Amino acid sequence: LFDQGIGAFAGTFFGTCQAAWYPDPITTTGKYGGIPGRTDFRAVGRTILRPAMWFSLTAGTYTAVECAMEAARNETQDIWNSIVAGMAGGAVVGMTTGRPQIMAATAIGFGAFMAAVDMSGPTTVRDEALLEHKRMGILPKKHEESEALAALKEKFPQHKEL
């Protein structure tokens, strides 16, 4: 349920950006058609809420399939769970087109992407110890100058206090 909420939020954000991006008025055609040239509230709602629904459905499908894969495989947590769940989520995204070829390609693409994310792990750094040392490296309690710096200060006494 939490993942679906995140998906709905992301879809709402996407739909809002999509609605704000185009300068043309967003209108409804058909039975509830609005005034031509003016933005219709129902059309704006549909423009914003449709991506929210699809993002939420995709996130929920991914989460449900990944949990089902873990349960079916006796709590095995490996890359296959992400691949199959990514393919299911990709199939949901591909369903928006209504074409089976695009649905299959999207499923394969999402599965491959989720496999890559799962293989890379939670971080994108190879050597975390080196990164931690670069970020929080320990300096000596008393600063010690190198011989080269001391020689430069002797050579240029006007810059001795730098």
Side-chain angles (χ1 to χ4, degrees), residues 1-140:
L1 191 60
F2 180 71
D3 294 329
Q4 286 178 321
I6 291 175
F9 177 76
T12 302
F13 177 75
F14 176 79
T16 304
C17 292
Q18 186 179 16
W21 189 261
Y22 299 105
D24 301 333
I26 301 169
T27 59
T28 303
T29 57
K31 183 177 178 182
Y32 299 108
I35 301 169
R38 295 198 55 194
T39 298
D40 183 17
F41 180 73
R42 184 173 280 155
V44 171
R46 188 170 46 252
T47 302
I48 293 172
L49 294 178
R50 184 176 285 158
M53 178 198 66
W54 284 110
F55 277 53
S56 178
L57 188 61
T58 302
T61 302
Y62 177 84
T63 305
V65 170
E66 187 174 37
C67 289
M69 284 290 293
E70 285 180 16
R73 300 175 66 227
N74 297 325
E75 301 299 324
T76 303
Q77 295 180 353
D78 60 3
I79 195 169
W80 291 106
N81 299 341
S82 295
I83 291 173
V84 174
M87 291 181 77
V92 170
V93 171
M95 279 193 313
T96 61
T97 64
R99 296 178 55 196
Q101 300 92 340
I102 292 178
M103 190 168 106
T106 309
I108 291 169
F110 265 63
F113 178 72
M114 293 312 298
V117 168
D118 200 30
M119 283 184 0
S120 70
T123 64
T124 57
V125 179
R126 289 183 190 265
D127 189 1
E128 288 193 39
L130 178 64
L131 178 67
E132 185 67 21
H133 178 68
K134 285 181 180 179
R135 285 186 186 158
M136 309 291 181
I138 299 172
L139 296 174

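Predicted, not measured: the structure shown is a model, and the values here were computed from it.
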Query raised in the report: About how many Å separate CD1 of Ile83 and CD of Glu66, when rounded to the nearest 0.5 Å?
Result: 11.5 Å
Query raised in the report: Roughly how far, to the nearest 0.5 Å, is CE of Met87 from OG1 of Thr106?
Result: 11.0 Å
Query raised in the report: Looking only at heavy atoms, which two atoms of Ser82 and Tyr62 are closest? And how far apart?
Result: OG-OH, 3.8 Å
Query - Non-hydrogen atoms of Asp78 and Asp118 that approach each other most closely - result: O-OD2, 3.6 Å
Requested in this report: Nearest 0.5 Å please: distance from the CZ atom of Arg73 over to the CG atom of Asn81.
Outcome: 5.0 Å
Atom pairs and distances, side-chain donor-acceptor, residues 88-96, under 3.5 Å, sequence neighbours left out:
from	atom 1	to	atom 2	distance (Å)
Thr96	OG1	Val93	O	2.7

All N/O donor-acceptor pairs, side-chain side in residues 49-59, below 3.5 Å, sequence neighbours left out:
from	atom 1	to	atom 2	distance (Å)
Ser56	OG	Gln4	O	3.2
Thr58	OG1	Trp54	O	2.8

